[in-house]
Amino acid sequence: MFDQARINDLPVQEPRAATGPGVLAGTRVIDFTHFVAGPLATMTLADFGAEVIKVEAPKKGDDFRYYPPSDPELEAQGAPYLWTNRNKRSLGLDMKSPAGLAVAKALIESADVLVENFSTGVMERFGLDYETCRRINPRLIYCSVSAYGRTGPYADRLGFDPIAQAESGFISMNGYPDRQGVRTGSAIMDISTAMTATNAILMALLARARDGLGQFVEVALFDTAILMTGFAAMQHLTTGYEPKRNGNTSPDTCPSGVFQCADLPFYINCGNDGIFVRLFEQVLERPDIAHDPVLSKRANRLSQRERLFQLMEEEFAKHPWSYWQPKLRAAGVPSGQVRTLAQALASDESRSRNLVNRIPHPVKGWIPNVASPLRLARTPALDSKAAPAVGADTNEILGDVLHFNEDRIRELREAGAFGS
């Protein structure tokens, strides 16, 4: 059950400042995706004006609709689904029926972009592989999101976010040295793959604007996960260095990590020598350490981490965060409170950026919304519209997009195009 009182306390979404269309207005996207990586990519396109038509199995829809928490008044609209599917329309379509497949092909013929993240071979079995779709629509940009790519010896493998974290080496880098590595709580590989897919689609649209041709675009979860290991990959390739698990400290900078003041934990990232000097001279008032000929050099500090951390812990424990935070900020030392998610969502920083709000919902009245992080001054994101119920826009799409009349829609319905 959603906590409606909590939701009603959120600020109402601020109306979009610009009066013109979104930057992707006029771009039609046929969305065959489910779970996170695909839907989050198409939602970003929808946020900026693309017409995104989510094609789902009738009645059941995307499996991600059933992830908790759910609300008995919202059938198949759990909170995680609402997070990845705003600003879309839903078409309930049985593509296993010839009539349903005919509708899918009609949509593809009218589309600019198709995005799918089925298991390898599913689109081929539907007769909707890239080569077939290219013949239907040579201008189509066909984006395929998969675990290990659509070709090669691992194309058949299924994969989810934690598997990509494990096999890319990402888990081995995170956690503490005295135990197994840990995955991130957030589906970071799905989210980064969604961003990668969005970038690839936008570049393909730019290419088509020059030559008029569509193309096949492929994004793999594993490929993105390798990228997400960061510069550690290049450190290994150049030296053979194998990253160690360092908990909250950094193997490259010192002192960087979590410290405890009188009332709460906070993080300091001392990324260069200048920050180190300001930290010890202006914040901790220890100019002797700030200008120590050995400790003032980053490489030397790495071997003195325990000494520096002990000194800092002793000093920080003397005062609360309200004392240290303004001093750290004034000195230009990157730092921040270690917050819970609830604290972060309710923080002054979040409110100042209008990151969390509420938007209208046809059943619940209001639902929460996490705003797009992309800020375009002249062509901002559209006002957010709640994610649709399964097949909520079927008749509208058939009439307004495909221009089918009532007789044609009735024939398709009787033929099982939209399920039994």
Side-chain angles (χ1 to χ4, degrees), residues 2-24 36-37 39-50 52 79-88 184-199 202 228 256 258 264-269 271 275 321-322 324-361 364-387:
F2 293 175
D3 186 343
Q4 208 61 40
R6 178 188 295 271
I7 294 169
N8 291 340
D9 282 341
L10 295 173
V12 177
Q13 172 184 241
E14 293 185 1
R16 183 172 183 262
T19 56
V23 67
L24 293 175
V36 179
L40 196 60
T42 54
M43 188 183 78
T44 300
L45 301 176
D47 283 347
F48 287 87
V52 177
Y81 163 79
L82 296 173
W83 171 66
T84 53
N85 287 281
R86 67 176 172 234
N87 291 333
K88 302 179 185 179
T184 61
S186 169
I188 190 170
M189 298 310 175
D190 278 336
I191 295 167
S192 55
T193 298
M195 294 176 178
T196 304
T198 303
N199 284 337
L202 293 174
M228 292 297 287
S256 293
V258 173
L264 54 83
F266 64 98
Y267 200 102
I268 285 180
N269 187 17
I275 295 173
W321 180 239
S322 59
W324 292 114
Q325 195 274 338
K327 287 176 69 71
L328 289 161
R329 185 173 180 180
V333 175
S335 59
Q337 176 185 344
V338 178
R339 293 170 171 151
T340 65
L341 177 58
Q343 290 170 334
L345 294 175
S347 67
D348 291 341
E349 289 85 352
S350 179
R351 284 195 295 267
S352 72
R353 298 291 291 171
N354 300 312
L355 289 176
V356 180
N357 52 48
R358 57 187 165 116
I359 59 175
H361 190 278
K364 298 299 297 182
W366 299 98
I367 61 169
N369 183 54
V370 179
S372 171
L374 305 178
R375 306 296 173 98
L376 281 68
R378 189 167 57 83
T379 54
L382 303 184
D383 293 339
S384 294
K385 180 182 176 183

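Residue numbers count from 1 along this sequence. Because the structure is a prediction, the values reported are computed rather than measured.
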From Asn369 atom CG to Ser384 atom OG, the distance as rounded to the nearest 0.5 Å: 4.0 Å

Pair Arg6 + Asp9: basic N to acidic O under 4.0 Å: no

Pro39 side chain reached by Lys88 side chain, heavy atoms, under 4.5 Å: yes

Within 6.0 Å of CZ in Arg329, more than 12 heavy atoms from elsewhere: no

From OG (Ser347) to CG (Leu355), nearest 0.5 Å: 8.0 Å

pair Ser335-Lys327: side-chain heavy atoms closer than 4.5 Å: no

Arg86 side, atom CZ; Leu382 side, atom CG - distance, nearest 0.5 Å: 10.0 Å

Distance in Å, Phe48 CZ paired with Leu202 CG, rounded so as to fall on 0.5 Å steps: 10.0 Å

Arg378, CZ atom: more than 12 neighbouring heavy atoms under 6.0 Å: no

Within-4.5 Å side-chain heavy-atom neighbours: Leu40 and Thr84: yes

Any side-chain heavy-atom pair of Ile359 and Ile367 under 4.5 Å: yes

Donor-acceptor under 3.5 Å (Ser350 side chain, Ala346 main chain): no

Stepwise side chain to side chain contact (heavy atoms under 4.5 Å, CB included) check, Val52 with Asn87: CA-CA 8 Å; Val52 177; Asn87 291 333; over 6 Å; no

Distance in Å, Ile275 CD1 paired with Ile268 CD1, rounded so as to fall on 0.5 Å steps: 10.0 Å

Criterion side chain to side chain contact (heavy atoms under 4.5 Å, CB included) on Asp383 and Gln13, from CA distance to verdict: CA-CA 8 Å; Asp383 293 339; Gln13 172 184 241; 3.7 Å; yes

Reported OG1-to-CZ distance for the pair Thr379 and Arg16, which is rounded to 0.5 angstrom: 7.5 Å

Neighbour count >12 (heavy atoms, 6.0 Å) for atom NZ, Lys364: yes

Check: Asp47 and Met43 side chains under 4.5 Å, non-hydrogen atoms: yes

Over 12 foreign heavy atoms within 6.0 Å of CZ, Arg353: no

Trp366 side chain reached by Gln4 side chain, heavy atoms, under 4.5 Å: yes

Ring center gap for Phe266 and Trp324 short of 6.0 angstrom: no

